[in-house]
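Here the structure is laid out as structure tokens; the discussion comes afterwards.
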Amino acid sequence: MSRSSPLPFTPLVIIGAGRSGTNILRDTLCRLDGFASWDCDEINPVWRHGNLFADHDEFGPAEARPPVRRFIRGAFQKAWKRLDRPRYLVEKTCANSLRVPFIEAVLPEARYLFIVRDGVDVVASAQKRWRGEMEIASLPYYWAKARNTPLRDLPIYGWRFLSARASMLSGRRAHMASWGPRFRGMDARAETASLDELCAEQWARCVEASDAAFAGMDAAKVIRIRYEDMTAEPETAVRDILAFLNEDRPAKAVASAAAPVSRTSVGKGRAAMTGDTDSLMTIMAPMLDRLGYSTRLKDAA
């Protein structure tokens, strides 16, 4: 692997399955001086450049070829300059939960925030995204997505975007063909699984992959965050992250950054889940138990 000049900033990579609180965490940190993020919700096209035609997001060091590394590192440097050179450039693409070793090969300077959330609540929220119920239909949003997509890849992403929604909008499917992190074999699984089973497996595969990757990494590079704890005591969570980074901020700044955080979504998925849930628990129970969440549906997290 070719050497690269060290980055003059720290990439702060938030790792979490989709609908696990990655947006809240990023937005909270970026209210503090010295932290900034891309002008786009996620930058999966940047991460996938050079591996565009893989039908999954489970990349490893082998996919971090020199041209891929140069492109991604260059994209980070350009974003850092546009954002007035912050100390920390925060990034939270959820598909990264499947490819932590790839990120480490591309950005060895990175520090990681690994956020986990009760998988039952995640499934309930993710289903809405799969059905297109939470789409952000605004020109600035889509323009930011396009602006952060490599130009030569843009037609392919445009076609995929339209195709993913076409069958749903035509009434042929009850949900989009694809949403969120793509684990190996997801397309085949989508043909036989119910939507809640698909969302459950998506969550479990993402969390399992991240957990395994961080277990083998220097503990000084990663801090683990529990969504339920963060939303219950957001100021404490912010202070813990700052301590992890050997940073300090005035108490007033921490309180202001944490003030918008709400815990109103905690437990909603468990409260709303009905019907036969045995198949969901079969999929999720090992990781729920490993992370300290109840494997009995109606229990509190």
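Model, not experiment: these values are computed from the prediction.
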Report summary line: With sequence neighbours left out, the residues meeting side-chain hydrogen bond (donor to acceptor under 3.5 Å, both in side chains) with Glu109 are Arg73
Requested in this report: Could you tell me how the ring of Trp130 sits relative to the ring of Trp179: parallel (under 30°), tilted (30 to 60°) or perpendicular (over 60°)?
Outcome: perpendicular
Requested in this report: Output yes when Glu247 and Arg249 qualify as a salt bridge under the 4.0 Å nitrogen-oxygen rule, no when they do not.
Outcome: yes
Query - Salt bridge present between Arg26 and Glu91 (N-O < 4.0 angstrom) - result: no
Query raised in the report: With a cut-off of under 6.0 Å to the ring centre and 45° to the axis, is Arg226 in cation-pi contact with Phe114?
Result: no
Requested in this report: Give the ring-plane orientation class for Tyr88 versus Phe35, where under 30° counts as parallel, over 60° as perpendicular and anything between as tilted.
Outcome: parallel
Query - Neighbour count above 12 (heavy atom, 6.0 Å) for Asp229 CG - result: yes
Compile the donor-acceptor pairs under 3.5 Å between side chains in residues 279-291 and protein atoms, sequence neighbours left out, one pair per line.
residue: Ser279; atom: OG; partner: Glu197; partner atom: OE2; Å: 3.0
residue: Thr282; atom: OG1; partner: Asp278; partner atom: O; Å: 2.9
residue: Arg290; atom: NE; partner: Asp211; partner atom: OD2; Å: 2.4
residue: Arg290; atom: NH2; partner: Asp211; partner atom: OD2; Å: 3.0

Query - Check against salt bridge (charged side-chain N to carboxylate O under 4.0 Å, His left out), Arg147 and Asp39 - result: CA-CA 9 Å; Arg147 188 170 57 246; Asp39 60 345; 2.5 Å; yes
Report task. Check Ile15 against Ser97 and note the closest heavy-atom contact, atom names and distance. Result -> CG2-CA, 3.7 Å
Requested in this report: For the residue pair Phe59 and Phe102, categorise the inter-ring angle as parallel (less than 30°), tilted (30 to 60°) or perpendicular (more than 60°).
Outcome: perpendicular
Query - Arg111 to Phe244, cation-pi by 6.0 Å centre distance and 45° axis angle - result: yes
